[in-house]
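Labels below follow one simple rule: chain letters A, B, ... track the order of the sequence lines, proteins then strands, and each chain is numbered from 1.
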Amino acid sequence: MLTPILSFLGVRHAECIIGDLDEERALRRQETTCTAAAGWYAWQLSRLLARSLTGRLISIAIAVAPPLFLLQGLWTALFGYFCLEPAPGLPLVNTVFVLAGTMLALPSRRIPVSAFVCAGLVLALSLGPATYPLLIAGMVAIPAGLLTAQIQRTTA
Amino acid sequence: MAKGGSVGEFEHLVLLAVVRLRDQAYGMKVRREIHSCTGRDASIGAIYATLERLASKGLVSSTLGESSPERGGRPKRTFQVTPAGIAALNRTQKDLLGMLEGLPYPLPETSSC
């Protein structure tokens with residue numbers, strides 16, 4: 001159960017790591033108590049999860065933030081040049097495109113997909129029903145992006 | 001290859017632990033060895049991340065071993081220091097010994113340059 005979760009989070013050698021933890025837990029049971037050994041196991045596991053999640057989230061933030069700022073700056077400049085009011089759904093559109101791009105660019109697409117869905121839902125809820133068509137259009141980008149990536153991998 | 005042929009502080013500890021453990025150097029043993037020698041309680045994630053970084057620098061290599069019942073039937077990955085790893089260790093040791101020469105141990109906490 002733990003091995004697939006760790007592998008999903010991008011932890012390499014997950015099976016060996018869990019084996020090491022199991023072996024040390026068995027040793028600690030002999031040296032201390034079952035409760036202390038279980039506590040140590042849970043502590044090590046939580047540190048491992050935190051380490052893998054933090055690394056993944058930092059890489060996503062680094063991949064997402066610069067293009068998002070660039071897109072926002074571009075639209076602001078364009079709208080300002082033509083003396084137009086910025087559209088309310090623009091941040092959502094930008095987020096959708098940037099996260100779709102991140103999904104294609106990052107080696108593992110599972111976490112960006114989750115981030116994409118969460119960001120889309122939060123933005124849709126905060127901006128109101130007017131943005132729902134945009135959200136639906138954006139959600140189409142997920143399978144389209146994954147399909148493109150799959151084709152790229154197959155033809156590479 | 002490591003920058004300037006040297007290794008970082010924690011990488012140095014992990015490499016030395018792998019050398020000390022010879023053919024028994026796998027994650028849990030490396031963690032225990034560092035703990036028994038230095039008192040430092042490193043996490044298993046930090047040990048594997050460092051070993052992986054050392055492997056990408058070509059300083060250690062690894063082989064997948066057999067599984068055992070106390071490991072829940074899971075295999076162990078055993079690490080060995082490569083000749084490049086030994087050379088990097090020797091360079092780091094030489095640098096450290098050179099810098100420590102003539103200094104008292106332990107250093108007085110109020111010392112200034």
S.K.: Please classify the contact of A:Leu48 with chain B as side chain, backbone, both or neither, using a heavy-atom distance under 4.5 Å.
M.R.: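 Only the side chain of A:Leu48 comes within 4.5 Å of chain B.
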S.K.: If you count heavy-atom pairs under 4.5 Å between each of B:Gly73, B:Gly27, B:Gly72, B:Pro75 and chain A, which one has the most?
M.R.: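 Most heavy-atom pairs within the cutoff with chain A belong to B:Pro75.
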S.K.: If hydrophobic clusters are built by linking Ile, Leu, Val, Met, Phe, Trp and Tyr wherever their side-chain heavy atoms come under 4.5 Å apart, do B:Leu96 and B:Val19 end up in the same one?
M.R.: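 No; tracing contacts between hydrophobic side chains, which count when under 4.5 Å, never links both residues.
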S.K.: Given heavy-atom pairs under 4.5 angstrom as the criterion, report whether the side chain, backbone, both or neither of B:Leu64 touches chain A.
M.R.: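 Side chain of B:Leu64 only, per the 4.5 Å heavy-atom cut-off to chain A.
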S.K.: Could you please show the donor-acceptor pairs under 3.5 angstrom between chain A and chain B, with distances rounded to 0.1 Å?
M.R.:
unit_1  : atom_1 : unit_2  : atom_2 : d
A:His13 : ND1    : B:Arg77 : NE     : 3.2
A:Cys16 : O      : B:Arg71 : NH2    : 3.2
A:Asp20 : OD1    : B:Arg71 : NH1    : 2.6
A:Asp20 : OD1    : B:Arg71 : NH2    : 2.9
A:Asp20 : OD2    : B:Gly27 : N      : 3.3
A:Asp20 : OD2    : B:Met28 : N      : 3.2
A:Asp20 : OD2    : B:Tyr48 : OH     : 2.6
A:Asp22 : OD2    : B:Arg74 : NH1    : 2.6
A:Glu23 : OE1    : B:Tyr26 : OH     : 3.3
A:Glu23 : OE1    : B:Arg71 : NH1    : 2.8
A:Glu23 : OE2    : B:Tyr26 : OH     : 2.6
A:Glu24 : OE1    : B:Arg31 : NE     : 3.3
A:Glu24 : OE2    : B:Arg31 : NH2    : 2.8
A:Glu24 : OE2    : B:Arg32 : NE     : 3.2
A:Glu31 : OE1    : B:Arg32 : NH2    : 3.2
A:Glu31 : OE2    : B:Arg32 : NH1    : 3.2
A:Gln44 : OE1    : B:Ile44 : N      : 3.0

S.K.: Could you tell me which residues satisfy side-chain contact (heavy atoms from CB on, under 4.5 Å) with B:Pro104, sequence neighbours excluded, listed by chain and number?
M.R.: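 B:Leu107, B:Pro108.
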S.K.: Can you measure from CD1 (A:Ile18) to CD1 (B:Ile44) and round to the nearest 0.5 angstrom?
M.R.: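 Atom-to-atom, A:Ile18:CD1 and B:Ile44:CD1 are 9.5 Å apart.
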S.K.: Should B:Val14 and B:Met28 be regarded as members of a common hydrophobic cluster, given that ILVMFWY residues are connected when their side-chain heavy atoms come within less than 4.5 Å of each other, either directly or indirectly?
M.R.: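 Different hydrophobic clusters.
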